[in-house]
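First the structure, in the form of structure tokens, and then the observations on it.
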4 protein chains.
Amino acid sequence: MPEKTEKPTAETTATAAEDRPRRRQARGERRISQLLEAAATVFSTTGYTAASTNAIAREAGVSPGTLYQFFPNKEAIAIELGSRLMHEMRQSYDEVLTPIDPAVTPVEEVIAGTVDRFIAFNCRHPAFFALMHGPDIPGRIAEEHDALHATLVTRVETILAPFVPGAPAPAVTRTARMCVGIYMAGLELILAHEGAEREAYVQELKDVLLRYLRPLVGDVVK
Amino acid sequence: MPEKTEKPTAETTATAAEDRPRRRQARGERRISQLLEAAATVFSTTGYTAASTNAIAREAGVSPGTLYQFFPNKEAIAIELGSRLMHEMRQSYDEVLTPIDPAVTPVEEVIAGTVDRFIAFNCRHPAFFALMHGPDIPGRIAEEHDALHATLVTRVETILAPFVPGAPAPAVTRTARMCVGIYMAGLELILAHEGAEREAYVQELKDVLLRYLRPLVGDVVK
Amino acid sequence: MPEKTEKPTAETTATAAEDRPRRRQARGERRISQLLEAAATVFSTTGYTAASTNAIAREAGVSPGTLYQFFPNKEAIAIELGSRLMHEMRQSYDEVLTPIDPAVTPVEEVIAGTVDRFIAFNCRHPAFFALMHGPDIPGRIAEEHDALHATLVTRVETILAPFVPGAPAPAVTRTARMCVGIYMAGLELILAHEGAEREAYVQELKDVLLRYLRPLVGDVVK
Amino acid sequence: MPEKTEKPTAETTATAAEDRPRRRQARGERRISQLLEAAATVFSTTGYTAASTNAIAREAGVSPGTLYQFFPNKEAIAIELGSRLMHEMRQSYDEVLTPIDPAVTPVEEVIAGTVDRFIAFNCRHPAFFALMHGPDIPGRIAEEHDALHATLVTRVETILAPFVPGAPAPAVTRTARMCVGIYMAGLELILAHEGAEREAYVQELKDVLLRYLRPLVGDVVK
DNA sequence: GATGAATGAGGATTCATTCAT
DNA sequence: TATGAATGAATCCTCATTCAT
């Protein structure tokens, strides 16, 4: 995120009382974003455990002390980063995918749309993958991590639900989890390639999901 | 791979020179296995980066010094462990799956058999998953890791090949990679559950793979 | 002692130049008191070394920057605090105890009065104890600390002198130091208790001092 | 403590099995003593909080890592040091002072003996004073510190008891605490002086205690 | 070979102090 | 002045690795 240097030129009088404390926070907010971006880079490069706070600070171009002015510890950085990514992801698909009518939208489209959307998001934020995927993430973070995962699964369940009305809940959960797993696996391949090859993997992923889900759906829709 | 080239300060008869080292190597081999087992435990518990050599030595019931008598550094442990696991895995399926005639063995069976075999192996050796899955594995190891992965992929390609004779090589590679990815994703879910639920996930994994592959195969077989 | 010599960039009339600074000093004085109060709290809670300037600023409800507008460094805070406490203490007993005539006032009364007075002061200002008592106080502060201590000792010598006219100076000094030490020891016990128990310790302290000093005094007075 | 270089020259055969692990521990034990000595020096110089583990290691002539091979953290060093000092102190006076018969031993002697013994101990181990006296000692250590203090008080109570048979327990406790406080105050003065002046302070301390306690004792003995 | 001690660079974190606004 | 962000040296502690025995 580029330095926005928002003009602090006195705009009005009424907001002055609010402005003073906010101008301070503005710089802080910028720093926080900057640090989280740096953290995203470092995390996705080295993984959480091997990432050093000094490296993050260096990547952000600040001193270690500055980092600790905004985050109490390394964990908190990962947690905040995860939570922000999740928020952004939620927004990203909420706008389009929420209302899905199986009678109107065919599975193909749902899958293709969802995958495209998620892939786009994950290509923009490779840290998301690092955070979701780390088997070395300790303690408190795992919770956040799990929450993130659970949210994803729930989301998929929600999308799935209208397509498989008769299915028992545990089966739907299993399917949703499987979908998320497949998606992550595909994502890894996609992120590892570029250009046409990447596109090919995207298609491959869609195929896997479609073939996996169609039979389930078909029973109902047809 | 542990240091092997130690010169026995040639000074005795051929038999003696071979005998003593051999006994030593026997003890050494035991130590090495012991250490690798410990490493497997620690790696699969904490991940590679967070695993400390001291912890591995402790787990193995030896002193840190002893560990370094057999491995030059931490990396070497992971590499040797990975290589051994791969060997064992290879043997594990070589004995049965090598000759597959699509005309004789239906895809269902191939998939079910392969999955069962791999799953059994991976449940016996959870470290394999940890090693394949770690995004935090630094430098040199990644190569071994990749080699391991590549071997797996090649293996799957080999299995796949007779079923999709007309397919272009890159497509087969993509499919194989996708299969390995799906398998790893399924494995994670399987390892995370027990009993009936685990079985359900095993079945789910087979379903995914079968549905994914049948269309490809069908074109040919039918 | 806070920076005072700030040049008001001489540019106005004498009155203005005096007036503005004065108002400033007034606010400044309040800030300083505020900060010293906060410092007293923090010092007596955690000791000098463990006290952080940030904590003091927070306790005072100001930013760290503000603190450094009035004190050049942490040491200066302790020094100024000590010096103010000493001043207040001096005033506190000067008003009553200065003129003591052994022929008129019996030792019992002198001791009881002095102890009560000091105790009252120290209960009001627990930081005094923390400052006098800290063995962890570094460098320059020790001097101030010693000055404070020396002042106390001198004061006690002065009180003692008329009661032991014949005694050699070094002996009086020793006795005075011993008294101060005993007082501090008693004070610690007193501050550690409340209510009736506290009163009991106060009495105990008076007993100790009385029994210690009476023989010395008795030789003369009787 | 000087390096003892105990001769490991094979002495016998029977103890060999015990000797091997012990020789290792021997070096370790030596290091521990060395480190504790260094810690004693540093603690009594700078106080607990300001003492850095690096400084302790440096003082002991070892690397920081070595220190942590024997102590899990800074606290543990202080705790172990305190506990060792207490043990040594206990031994120091247990041998002589345990059986005191008021009818046989006059108070003067008891006090003089006890003080001399304690003073000798504390001059040998100035860290004891630092540890008992620190107002900045955090958390867990305070407990050990308090235990140390409590032990002292109890010890004094035990010594006192036979001399004041009729006194109520709380009063005895108060008196014992007062004695310990007076002792610590005197100790500070004693440690701060040398030669004849030091002796004079020792005498002064004895006088204080004697005059404080004689009235209590007198009631009974007479 | 085996042991446990030794090393020291590096990592997370704190804190006195300074600076831009 | 006041603020809060910025700094970087210093702290506690860990860990891969080496060494003496």
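Worth knowing before you read on, the calculation uses all heavy atoms, side chains too, and leaves out hydrogens, waters and symmetry mates. Here is how names work: the chains are called A, B, and so on, in the same order as the sequence lines, proteins then strands, and each is numbered from 1.
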| remark: For nucleotides 12-19 of chain F, 5' to 3', base contacts (B), sugar-phosphate-only contacts (S) and non-contacts (-) with protein non-hydrogen atoms under 4.0 Å give SBBBBBB-
Between [N] ([atom2]) and [X] ([atom1]): distance, integer Å:
| X | N | atom1 | atom2 | result |
| --- | --- | --- | --- | --- |
| E29(C) | dT1(F) | CD | P | 12 Å |
| R30(D) | dA20(F) | CZ | C1' | 12 Å |
| Q69(B) | dA20(F) | CD | P | 14 Å |
| I32(C) | dA2(F) | CD1 | P | 10 Å |
| F71(A) | dT14(E) | CZ | P | 15 Å |
| F70(D) | dT7(E) | CZ | C1' | 13 Å |

| message | Quick check on dA2(E): is either OP1 or OP2 less than 4.0 Å from any side-chain nitrogen or oxygen of R31(B)? | response | yes
| Are S63(A) and dT7(F) close enough that a side-chain N or O sits under 4.0 Å from OP1 or OP2? |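 S63(A) to dT7(F) OP1/OP2: side-chain N or O found under 4.0 Å.
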Roughly how far apart are [X] [atom1] and [Y] [atom2], rounded to 0.5 Å?
| X | Y | atom1 | atom2 | answer |
| --- | --- | --- | --- | --- |
| L131(A) | F43(A) | CG | CZ | 7.0 Å |
| Y68(B) | S63(B) | OH | OG | 11.5 Å |
| L35(C) | I56(C) | CG | CD1 | 8.5 Å |
| L81(D) | I77(D) | CG | CD1 | 9.0 Å |

| request: For L67(A) and for L67(C), find the nucleotide of DNA chain F with the closest heavy atom, then tell me which residue's nucleotide is more 5'. | output: L67(C)
| message | Quick check on Q34(B): does its CD atom have over 12 non-hydrogen neighbours (other residues, nucleotides or ligands) under 6.0 Å away? | response | yes
| message | Tell me whether the count of non-hydrogen atoms from other residues, nucleotides or ligands lying under 6.0 Å of CD in E59(B) goes above 12. | response | yes
| said: Between F71(A) and T53(A), is there a side-chain heavy-atom distance shorter than 4.5 Å? | reply: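 No. Closest side-chain heavy atoms not under 4.5 Å.
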| message | If the condition is side chain to side chain contact (heavy atoms under 4.5 Å, CB included), which residues does S52(A) pass it with, not counting sequence neighbours? | response |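 By the side chain to side chain contact (heavy atoms under 4.5 Å, CB included) rule, S52(A) matches N54(A), A55(A).
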| request: Considering only NZ, NE, NH1 and NH2 on the basic side and carboxylate oxygens on the acidic side, decide whether E29(C) and R84(C) come within less than 4.0 Å. | output: yes
| task | Write out the stems for DNA chain E, ordered by first number and formatted as range with range, counting runs of at least 3 consecutive Watson-Crick or G-U wobble pairs under 3.5 Å. | result |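 E:2-21 with F:2-21 - these are the stems of 3 or more pairs that involve DNA chain E.
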